[in-house]
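Structure first, commentary second.
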Number of protein chains: 2
Amino acid sequence: MRILRNWEKHPRMVDDLEVRRRLERFQSVAREAGVKLTHQRLVIFRAVAGSVEHPTAETVYNAVRPEMPTVSLDTVYRTLWLLTDLGLLTTLGPRQGSVRFEANLEKHHHYLCVRCGALRDFDSAELDALPIPSAASRFGRVVSSHVEVRGICAACMQAGGESRRPEA
Amino acid sequence: MRILRNWEKHPRMVDDLEVRRRLERFQSVAREAGVKLTHQRLVIFRAVAGSVEHPTAETVYNAVRPEMPTVSLDTVYRTLWLLTDLGLLTTLGPRQGSVRFEANLEKHHHYLCVRCGALRDFDSAELDALPIPSAASRFGRVVSSHVEVRGICAACMQAGGESRRPEA
DNA sequence: TTAGGTGCAAATTCTTTGCACCCTG
DNA sequence: CAGGGTGCAAAGAATTTGCACCTAA
């Protein structure tokens, strides 16, 4: 059993209405794609859709086991990637070892704590409107862009926090 | 032996003067920190300092072996993390499996190809000056920020590219 | 009914560690 | 010459895969 990181200890929730909206979308997208709506998939998607923490596969696994003690970690992985392929989730690329998933598909930006790895969304109309410099579009087609702000989160400032290898 | 990704096939170089500047900095920082200047460290640092590709540990390993056939992959790892701890390198967090390192410590931004994983720097005075919204600084102290632009790079657009699991 | 989904266990991939020898300072 | 550094091999963590059974449609 791995040591829990700070951000894994304090699950925050997405508001209920939004979760229901995401679940509906899941059901219609899945049906349309001819993908079966299994109990596992529902529960796993709900776990991600209801979290604001950008959980890892293992975090989702832990969140889901009380309700569904027989799931296997590999089903969680397969389901998360399936949901990503269906366009229902987005991944953030591994930070400190593990890929992290999110169900927030709206344009937004990220705050990353380099101490504990906490990763939170924030909105900013001003940043949404950033121009893409030609220095960037020179490399190829541009699909999206967002700002990543790095720092030390309030919890870590206060606690000292278990300092894992930061990524600068 | 893993299949090479597009960006691993076309090593680009940093200009010579800049590499020399970085090597000098390395020597003085290492000396000051009481860290030994071994042949391995020099060669490994030069490999990262001279590349514009944000190489993984394994990419560095391959780049360095012709010159130093007896290095071990774990020495490459230890050296890269040492250099990072000394503040001479920065990491980008793993993308598609592996952590990637860079020696460019100036403020800059990133273009990421979601197909092949190519990751390139670009500069933009305008983006350098972007304001940090209070929605972000609310989470804690802010240390840095940069823009990440995602898209499909020119090589992949043309080639079709081996499509690895993209990170959206 | 039946193809797709799941659980289990084993395999892979990336990275770190323990230990004995080596080389820089 | 002493203590840090290196190479080797083995351990660990994260993720994927093969296979036989199960279940939603």
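All chains are named by letter (A, B, ...) in the order of the sequence lines, taking the proteins before the strands, and each is independently numbered beginning at 1.
- Cation-pi geometry between B/R65 and B/Y61 is satisfied (NZ or CZ under 6.0 Å from the ring centre, within 45° of the ring normal).
- Rounded to an integer number of Å, the gap from A/R65 CZ to C/dT6 C1' is 16 Å.
- In this structure, B/M68 places its CE atom 12 Å from C1' of D/dG7, rounding to the nearest Å.
- Within the structure, a side-chain polar atom (N or O) of A/S72 is placed less than 4.0 Å from OP1 or OP2 of C/dG7.
- Spacing between atom CG of A/L73 and atom C1' of D/dA13 amounts to 11 Å, rounded to whole angstrom units.
- Computed from coordinates, the A/L80 CG to D/dT15 C1' distance equals 12 Å when rounded to whole Å.
- Listed candidates were C/dG7, D/dA14, C/dT24. Nearest to the side chain of A/E58 is D/dA14.
- Distance from the side chain of B/V35 is smallest for D/dG5 among the nucleotides C/dG7, D/dG5, C/dT15.
- Listed candidates were D/dT6, D/dG4, C/dG7. Nearest to the side chain of B/K36 is D/dG4.
- The phosphate of D/dT15 has neither OP1 nor OP2 within less than 4.0 Å of any side-chain N or O from A/W81.
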Quiz prompt | B/S137 and B/S134: CA distance, side-chain angles, deciding distance, side-chain hydrogen bond (donor to acceptor under 3.5 Å, both in side chains) verdict | solution = CA-CA 5 Å; B/S137 43; B/S134 59; 5.5 Å; no
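- For the pair B/L82 CG and C/dT24 P, the computed distance is 16 Å after rounding to whole Å.
- Checking the phosphate oxygens (OP1, OP2) of D/dG5, no side-chain nitrogen or oxygen of B/T38 falls inside 4.0 Å.
- A/L83 places its CG atom 12 Å from the P atom of C/dG5, with the value rounded to the nearest Å.
- Ring orientation note: the planes of B/F101 and B/W81 are nearly perpendicular, at an angle over 60° on the 30°/60° scale.
- Linking Ile, Leu, Val, Met, Phe, Trp and Tyr residues whenever their side-chain heavy atoms come within less than 4.5 Å places B/L89 and B/L37 in a single cluster.
- Cation-pi check for B/R120 over B/F122 is not met; the charged atom does not lie both under 6.0 angstrom from the ring centroid and within 45 degrees of its normal.
- We find that CD of B/Q40 is positioned 9 Å from P of C/dT24, with the value rounded to whole Å.
- Checking the phosphate oxygens (OP1, OP2) of C/dT16, no side-chain nitrogen or oxygen of B/Y77 falls inside 4.0 Å.
- Computed from coordinates, the B/D74 CG to D/dA9 P distance equals 11 Å when rounded to whole Å.
- The side chain of B/R78 approaches D/dG7 more closely than any other nucleotide in the set D/dG7, D/dC19, D/dT15.
- For the OP1/OP2 pair of D/dG5 and a distance below 4.0 Å, the side-chain nitrogens and oxygens of B/R41 include at least one atom meeting the criterion.
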